[in-house]
Amino acid sequence: MKAPLSSQDHPPTCCLLPGGTANAENNRQMFSRIAHRYDLLNRVMTFGRDAAWRQAAAALAAPKGCRLALDMATGTGELAFLLAGRAEQVVAVDSCPQMLSIARAKARIRPRASRFQFLLADGLRLPFAANTFDCVATAFALRNVADLGLALAEMHRVVRPGGRVVCLELTRSPFRPLAALHALYLARLIPALGRWLTSQAEAYRFLSISLSQFPDARQLAEAMRNRGFRRVGHRLYRLWPIALHVAVK
Ligand SMILES: C[S@@+](CC[C@H](N)C(=O)[O-])C[C@H]1O[C@@H](n2cnc3c(N)ncnc32)[C@H](O)[C@@H]1O
């Protein structure tokens, strides 16, 4: 099957990032520093639960018969690999070359390697025509993009009418004692783990900061409706600060 676009068809990502967004550049640099240990940290921080959350996201995003799926901000490709178990073709984009090169290396030794295409591209300016994909999924990325509204608008633009969009993301628990416990874990333990395993405490301190500035699950659902999505729903994972949103274009 012909891929929707090759990375040669558009300029390098640095040109695609919105002009002067120091945020986006800082973000890219931060992920380039932790890329080599990103998967390990995820496993350790979540006690291995992150794989099950992505599995649930992939299952929700790509029902049977899904032809072409997009993983927006794929990082090291974990969600893309799960989508490939359900969709005929998966295109995965990210703006950080170091994260992508790990995803590509992993893809080479995966079954169904021909199903993936990893592209360097900005989620805020996706290099695809409107209505290209049967589904779009993203995991742990919306907190990191420089403009949440624009990212949602782009995901809405590139999915076909009736196609699903799924967002897996950290969230603040509505149950206060649990939220306080999560805040402590994210602000204290995670940066310590980050320092120990990657020497990058700062990058992992960003996790708790970005979450404190991110909409809660209801607000994110509202933001999705405001961008034109229908049938927006979400589930919270009781003990974890995790939300899974699903919507239809
Ligand atoms: C926390 S990681 C999540 C990676 C992966 N989706 C996962 O499930 O682990 C966030 C990713 O978002 C990417 N990212 C941030 N802003 C982006 C943008 N504007 N366009 C594309 N990727 C972006 C980063 O490079 C990074 O790989």
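If you're wondering where the values come from, they're calculated on a predicted model, not measured in any experiment. All ligand and atom numbering here is 1-based and tracks the order in the structure.
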Considering only heavy atoms of Ala121, which atoms of ligand 1 have at least one such atom less than 4.0 Å away? 20 (N), 21 (C)
Looking at Arg49, I'd like to know if its CZ atom is crowded, meaning that more than 12 non-hydrogen atoms belonging to other residues, nucleotides or ligands lie closer than 6.0 Å. no
With the threshold set at under 4.0 angstrom, would you say Asp94 reaches ligand 1 through any of its heavy atoms? yes
Does NZ or CZ of Arg235 fall inside the cone over Tyr237's six-membered ring, less than 6.0 Å from its centre and within 45° of the axis? yes
What verdict does the salt bridge (charged side-chain N to carboxylate O under 4.0 Å, His left out) test give for Glu78 and Arg43, after you've listed the backbone C-alpha separation in whole Å, the side-chain angles of each residue and the deciding distance to 0.1 Å? CA-CA 12 Å; Glu78 290 292 295; Arg43 287 310 98 78; 3.8 Å; yes
Under a 4.0 Å heavy-atom limit, does Thr76 contact ligand 1 with its side chain, its backbone, both, or neither? neither
Would you kindly check if the NZ (Lys) or CZ (Arg) of Arg110 is within the cone defined by 45 degrees around the ring axis of Phe81 and under 6.0 Å from the six-membered ring centre? yes
To which of Ala35, Ala73, Ser32 does the heavy atom nearest atom 6 (N) of ligand 1 belong? Ala73
Given the rule in the salt bridge (charged side-chain N to carboxylate O under 4.0 Å, His left out) test, do Arg143 and Glu169 qualify, once you have shown the distances and angles that lead to the verdict? CA-CA 8 Å; Arg143 254 176 321 109; Glu169 192 44 278; 2.8 Å; yes
Taking 4.0 Å as the limit for heavy-atom contacts, which would you say applies to Arg28 with ligand 1: side chain only, backbone only, both, or neither? neither
Per-residue contact class, Leu79 against ligand 1 - non-hydrogen pairs under 4.0 Å: neither
Examine ligand 1 and decide if any of its atoms is less than 4.0 Å from a heavy atom belonging to Glu78. no
Under the 3.5 angstrom rule, does the side chain of Lys249 hit a backbone N or O of His156 as a donor-acceptor pair? yes
